[in-house]
Every structure is written in structure tokens, then in C-alpha cells.
Amino acid sequence: MVRRALEEAIRHALKEMGLDLRLKVAKAPKDKPGDYGVPLFALAKELRKPPQAIAEELKARLALPPFVEEVIPVGGYLNFRIRTKDLLKEALRPKEPFPKREGLVLIEHTSVNPNKELHVGHLRNIALGDSLARILDYAGRRVLVLNYIDDTGRQAAETLFALRHYGLTWDGKEKYDHFAGNAYVRLHQDPEYPNLQGGIEEILHALERGELREDVNRILLAQMATMKALNAHYDLLVWESDIVRAGLLEKALRILEQSPHVFRPTEGKYAGALVMDASPFIPGLEDPYFVLVRSGGAATYYAKDIAFQFWKMGLLEGLYFQPYENPYYPALRTSAPQGEPYTPRARETINVIDVRQSHPQALVRAALALAGHPELAEGAFHLAYETVLLEGKQMSGRKGLAVSVDEVLEEAERRALAVIEEKNPDHPAKEEAARMVALGAIRFAMVKTEPRKQIDFRYAEALSFEGDTGPYVQYAHARAHSILRKAREWGEIDLAQATPYERELALALLDFEEAVLEAAEEKTPHVLAQYLLDLSASFNAYYNAKEDGRPATPVLTAPPGLRELRLGLVRSLQETLKTGLSLLGIPAPEVM
RNA sequence: GGGCCCGUAGCUCAGGGGACAGAGCAGCCGCCUUCUAAGCGGUAGGUCGGGGGUUCGAAUCCCUCCGGGCCCGCCA
């Protein structure tokens, strides 16, 4: 954390000069002296001196960290050259997770309706949520991952209804969630659909009583095979029917009714309904009233969301958990009618839901605030990601206009296998490597872009193995691993033999922790993904460096001491890439 | 009508007050008797959507306009 130490030193020196602020240390451009630098123009007005003079004064006052070799004023900038030995030592230091801090972060992601197979729209949700959970865990947070199962929803009801209505029996050939999903699509294409509402209602009620849980579970288990194939991790399942049974909604309403902003109008548009006035918390609303309970007595879906959020943050309790029997996640627990009582009491939650839910999510925060917990409202973060287009077009689950995750995984594996057959026919475990590469391509494609940007899922790009892709990073890792495998005996490292090439690579290695912390802070994995691309590029450049047409940086055949230094850096790089990929839920193959 | 987000190279995107705007793909030219060429180097390509403002300094902040997406139901 060289950069942080520099920032600290600068902060102290500035304090002596009468300024209490923190400057950001950036990398110096290649054509400027030094490794890092800070611009000082902003201080000119405050200190009434030209930036050049400030640079000189700051230089004189700085209590230099021992690793700084030279402080160089350059115009209005103050640059720092790091002592090569210290730079290398820092780069060689093994990276470790940050120490644990207090407080639980609860991440909800996936939460797919248990009524059909997962499609590529779900992919972004899972990749973002799972990566973020891993990053936060590494960054020192205690993380609990929750997957919500809406087993009392209309979608599940329609699928179960369709299976019965059409008298469909599963022949075991098709994956069960695909089979069930086809029934759902068929129902929506059926001209008789409007006349089938009664039957659907009946199923809906049975679901609310928790009677058809096994039917839903069967679909869920099939979906879970896909989640597992995506290398997503979960700690808890929470079923909507359990929430209903535990009466969380009623408990939440009782809390909300304490608020003067929740009431039952006796006349007008909202007569007889229980409404919430969100205007103190969400400014600029045309109509600040939101119905929590309809005049007919039924709760709205955001009332349910609010109740669930209250439970997550410990404002109410009543759910029970037990081990969840399944072949994929041995430690997974599920809510159930009976079992151990458990309430997470998270002070921070992250709900991974697409941007179209921004408004309801704002209502959830408003409800926390008007329940008297503005600090919990602060801690309730909505990771709002933009939707995924399919080859430029909006997807639709009902119409079956989507590509399934299973299909994409299979296609990616086929393509990866073909590349391996071609490039590395002697590969000892082709299928396994193909699976890793396929997963790397898909998950990386989902997290390399900022969440708030809409992405277009195109086969050609998402399954590409070249350029800014997961496999590019995996390849750099495999290359590094290959060198380490062949190294066998190591002698003593001699830092003094370092060339500018080693320096460059070391400098790139130093940014890993910053990237992880920023990803955790901003709650966006793309920062880490972009860093891993940069780091891989640095290594590939190092690997390919040539002088006069000859390799400039051979590792294995380098003179003793330098060889070990290079091996050390390669090992550090290999481990950093592996760790970084793992934080994106992507495996790092040793051979590709 | 009200609100949120996006607009950077032909395409897909990084960069979100500071040192000449960077990658990948596509194009062109090179590099495998060398640790994996899924790679590397070079070349070409930009009014950072338009205009105004703030600032010593704006792709970055503010205003406005244009283009695109989304949300605003006693549906979920």
C-alpha cells in the first residue's frame, strides 16, 4: 500500500502548512520522472503561492516513508520515485485478505422466479452479486448471501397450473426447469389464457398455504444446477411462503402504522386502503401516496418487500431455518415452517436487482426511515444494474424470447474445447479446462462493464476468448503457471539485478489491493475486472519483451539471482491473478 | 407531465477536476529454431452528443438543448 503511505505523509506535511485535506496520489505518466505524483495547483489559492513553490515547500516538510528514493518537484506536481528494492519487496509480498471488521453485510441476489430456466438476463444479476459478495468478504466484511424464492408468485402459479392443465409428464430427457418453462410459455400463447384465471387463482392460494412446495422445489433444484455451474455461492434460501406463514407482513405493518405517514384515507382515490406518504423521504413525487394494503385487504408487493427488508435488518423476526437438502450446496440453509429461529440483523444490505426496481427500492428505504431507522435506510443499498439486451433486443420471459444460461454455458464449452483441441492437443484435461474457460468468458463479460450501463449480450463477444476477456486473464495466469512448473530449483533472490522491466511489472502488481478496496467501496466488480486486464497486459508485455529481436526477460535461463527475482515476480503475478479471478468467481486454469 | 440513467475511435467499452484522452474488436504492417502466438509490437482511427457556464485547469462539476433507455397501477 505504497500509495496510501504517500498520501498519509503528504497529509501530515500539509497539516503543518495549515491545510487539512487529503490529496490523491496518482501514477506518474511514463515520460515524467518518478513513479507517482500529486498535482498541487488546487492549493495555490489557499496558500497564496505558486504551485512550484508549494512543491518545494512540501518536499522540504515531508517526513518521507523509507521506501521513497527521491522527491521530484515537476512544475506544479510533486513526484516520487520509489526505491527499486522496496518496490520489488512489496510486489513479492503475498496478498492476503483484509482483516475482518465488525458488522454483517447481507447480499441478496439471483432471486429468480421458480418457474422456468435461467436466461442471460439473470446472468448479470448472479455474476454481479456473487462477485461483490466475494470481494466484500476479501475486503474484510462478514458477508451473508441470500437467495429469495418467490414461491407464492403468479409466475410460479402459472407454471404449476400449466403443467397440470396440459397434463404434461416429464420424460426425464429435458432439464426439468426447461420442461416447466415450456409449459409456462405455452400457457401464455394459449388463446384460452384469459379464461383460465380461476384455475391459476386456485394454485396461487394453494401456494400461499405452502401446499405445493415440493412442486416448486423440483423446479428450484433444476435451476440450482445452473447456479452451481456458474460457481455462484449462497448461504440462505428464504421462501416467500415462509414469510407469509411467519406473519412478517403483519408485523411490518404494525411497525409502519406507528408512523404518522402511514394511514387509511376515508375518502378519495385511496379510500379504504392503507397508504404510505413517502414525500418526506423521496422528494419530487407527483403523487406521494403508496398503497401498502389494498382496500380489498391484499398487500401490495412492495409491502412484502418492506417486510422482508425489515426482517433482514432485524426490525422483526419469526423465520426458522434448517439445512437444505440438495446435491449442490452442502452447507446451504433454507427457511422452513420449523427449525432454528434466525434473524440476520444486518446493518448493511445489498439488494442486487435491475434498475427498473429503483422506485420500489426507494420505497423500502423510505419505510425504514419512517419506521424510525434512518441509519438503516442509509445502509440499505440497491445495486441497480441495467438490463441485458439479447443481440440488441429486449428479452421476454413470457414470450420465451431469451437464451438460457444452460445453453450459453454449453455453447461456450463447445467453443472453448475446440480452441483447446486446436492449440493444445496434448492437454491433459480438456473438458475441465474448457469448463473453466467457458465460465471465465461468460462471467467476465457480465462484470467488466459498469453496472449502470446497459449491455448487449452477443454470442460473438460474450464467448470471445481474445482481447478484453476472462480467458485473456486466465491465459496470462496459465502462462505464469507454466513457467513456475518448469522452474524446479530456486536459489536466492538478488534484488540488485532488477532491470526496468521488473520494475514495471512490480509497479502493476502493487495496485491489486487498491483495486479490491475500490471495488468493495463502490460496490462494483468492474473496477477489479479492469485491473486484472491491466495486470495481465503488463505481464504479457513483460513476457514478450524483446531487445534487438531477442527475448529481454527470459525467466528460466536468466543468471542466478535474477532468475529467482523473476520467478518471484511471476509467482506473485500468478497468485494475484488467481486470487483476483476467484473474487469474480472465475477459476484459474493451470494449463490451457 | 414528473423522475432516474446513458451518450468517449467504425463497433464494444475504461477513464468521473490535473501532466499529451486509453483499451479491446474490426483494418493495415510485423513477431513463433525463445518459458503456451487464447499472446506481443507497430500503424491508422477522436469537435469526449451540441451550446453555454464555473475553474489556473473540464471527457470529468453546473445549466440548457438534442438523441437513446427505463420508471412513475388498489399488476408482480
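Below, read A as the first sequence line, B as the second, and so on, with proteins coming before strands; counting in each chain starts at 1. Computed from a predicted structure; not experimentally measured.
- Closest to the side chain of Val291(A), from the set rA38(B), rC74(B), rC35(B), is rC74(B).
- Distance from the side chain of Tyr472(A) is smallest for rC40(B) among the nucleotides rA19(B), rC35(B), rC40(B).
- As rounded to the nearest Å, rA9(B) and rC25(B) have C1' atoms that lie 12 Å from one another.
- When rounded to the nearest whole Å, the span between CG of Leu363(A) and P of rA76(B) equals 14 Å.
- Note: Tyr193(A) and His188(A) have tilted aromatic rings, judged against thresholds of 30 and 60 degrees for the angle between ring planes.
- Within 4.0 Å (heavy atoms only), Gly76(A) reaches no atom of the nucleic acid at all.
- For Gln223(A) (side chain) and Asn113(A) (main-chain N/O), a donor-acceptor pair under 3.5 Å exists by modelled atom type.
- When the C1' atom is compared between rC35(B) and rC40(B), the two are found 15 Å apart, to the nearest whole Å.
- Under the Watson-Crick or G-U wobble criterion, with both distances below 3.5 Å, rA58(B) has no partner in any strand shown.
- Rounded to whole Å, atom C1' of rG18(B) lies 18 Å from atom OH of Tyr36(A).
- Asn540(A) and Tyr472(A) form a side-chain donor-acceptor contact under 3.5 Å, judged by distance and modelled atom types alone.
- At a threshold of 4.0 angstrom between heavy atoms, the contacts of Val591(A) include nucleobase atoms, whether or not backbone atoms are also involved.
- The residue among Pro471(A) and Leu78(A) whose nearest nucleotide of RNA chain B is located toward the 5' end is Leu78(A).
- Residue contacts for Leu533(A): at a heavy-atom cut-off of 4.0 Å it reaches no nucleic acid atom on any strand shown.
- Here Tyr77(A) lies parallel enough and close enough to stack on the base of rA19(B), with planes under 30° and ring centres under 5.5 Å apart.
- Under the Watson-Crick and G-U wobble criteria, each requiring two contacts below 3.5 Å, nucleotide rU47(B) is left unpaired.
- Less than 4.0 Å separates RNA chain B from no heavy atom of any residue of residues 558-569 of chain A.
- Separation of the P atoms belonging to rA37(B) and rC31(B) is 15 Å when rounded to the nearest angstrom.
- Heavy atoms of Arg154(A) sit nowhere under 4.0 angstrom from any nucleic acid atom.
- Residue Lys32(A) places its side chain closer to rA19(B) than to any other of rC35(B), rA19(B), rG18(B).
- Closest to the side chain of Lys423(A), out of rC40(B), rU36(B), rA38(B), is rA38(B).
- Within 3.5 Å, no donor on the side chain of Asp287(A) pairs with an acceptor on the base of rC72(B), nor the reverse.
- Listed nucleotides: rC71(B), rG2(B), rC35(B). Nearest to the side chain of Glu286(A): rG2(B).
- Along RNA chain B, the nucleotide nearest to Ser464(A) and the one nearest to Pro33(A) differ in position, and the one closer to the 5' end is contacted by Pro33(A).
- For Ser131(A) and Arg443(A), the side-chain atoms include at least one donor-acceptor pair closer than 3.5 Å.
- rG39(B) is paired with rC31(B) under the criterion used here, namely a Watson-Crick or G-U wobble arrangement in which both key atom distances are under 3.5 Å.
- Listed pair Tyr301(A) / rA76(B) fails the phosphate criterion, with no side-chain N or O lying under 4.0 Å from OP1 or OP2.
- Among the protein residues, Tyr302(A) comes within range of no part of the nucleic acid, since none of its heavy atoms lies under 4.0 Å from any strand.
- With rounding to whole Å, Asp305(A) atom CG is found 15 Å from rC71(B) atom C1'.
- One finds a side-chain N or O of Arg294(A) lying less than 4.0 angstrom from the OP1 or OP2 phosphate oxygen of rA76(B).
- Pair check for rG73(B) finds none; no Watson-Crick or G-U wobble contact set falls under 3.5 Å.
- Between Gln52(A) and Pro73(A) the shortest side-chain heavy-atom distance does not fall below 4.5 Å.
- His359(A) and Phe290(A) have their aromatic ring centers within a separation under 6.0 angstrom.
- Note on Ala487(A): nothing from the nucleic acid sits closer than 4.0 angstrom, heavy atoms only.
- Nucleotides rG50(B) and rG3(B) place their P atoms 25 Å apart, quoted to the nearest Å.
- Checked by atom type, the side-chain pair Glu461(A)/Ser464(A) shows no donor-acceptor distance below 3.5 Å.
- The six-membered or imidazole ring of Tyr289(A) lies near that of Phe263(A), with a centre-to-centre distance under 6.0 Å.
- Between the side chains of Thr110(A) and Asn147(A), no donor-acceptor pair of N or O atoms lies under 3.5 Å.
- Proximity of Leu573(A) to Tyr542(A): side-chain heavy atoms (C-beta onward) are nowhere separated by under 4.5 Å.
- Summarising the geometry, the separation between CD on Glu158(A) and C1' on rC75(B) is reported as 12 Å, rounded to the nearest angstrom.
- A donor-acceptor pair shorter than 3.5 Å can be found between the side chains of Gln155(A) and Tyr184(A).
- As judged by a 4.0 angstrom heavy-atom cut-off over every strand, Val437(A) is placed among the base-contacting residues.
- Residue-to-nucleotide contacts include a donor-acceptor pair under 3.5 Å from the side chain of Ser295(A) to the base of rC74(B).
- Regarding Gln361(A), its CD atom lies at a distance of 16 Å from the P atom of rA76(B), rounded to whole Å.
- Applying the Watson-Crick and G-U wobble criteria (two distances, each under 3.5 Å), rG24(B) pairs with rC11(B).
- Neither side chain, Gln361(A) nor Tyr302(A), offers a donor N or O lying under 3.5 Å from an acceptor on the other.
- Glycosidic conformation of rC48(B) is anti; the angle lies outside 90° of 0.
- In this structure, of rA38(B), rC40(B), rU34(B), it is rA38(B) that holds the atom nearest to the side chain of Phe465(A).
- Comparing the same atom, C1', in rA19(B) and in rU60(B) gives a spacing of 16 Å after rounding to whole Å.
- Under a 4.0 Å N-O distance rule, the pair Glu56(A)/Lys59(A) does not qualify as a salt bridge.
- Phosphate contact (OP1/OP2 of rC74(B), side-chain N/O of Tyr270(A), threshold under 4.0 Å): present.
- Regarding contacts with the backbone of rC20(B), every side-chain N or O of Lys30(A) stays at 4.0 angstrom or more from both OP1 and OP2.
- Spacing between rG39(B) and rG45(B) at atom C1', rounded to whole Å, works out to 23 Å.
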Go along nucleotides 5-14 of chain B 5' to 3' and tag each nucleotide: B for a protein heavy atom under 4.0 Å from its base, S when only backbone or sugar atoms are that close, - otherwise. SSS-----SS
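- Heavy atoms of Thr553(A) sit under 4.0 angstrom from at least one base atom.
- Separating the OH atom of Tyr543(A) from the C1' atom of rA37(B) is a distance of 9 Å, rounded to the nearest angstrom.
- Only the C1' atoms considered, rC62(B) is 23 Å distant from rG68(B), to the nearest whole Å.
- Among the heavy atoms of the strands, none lies under 4.0 Å from Ala26(A).
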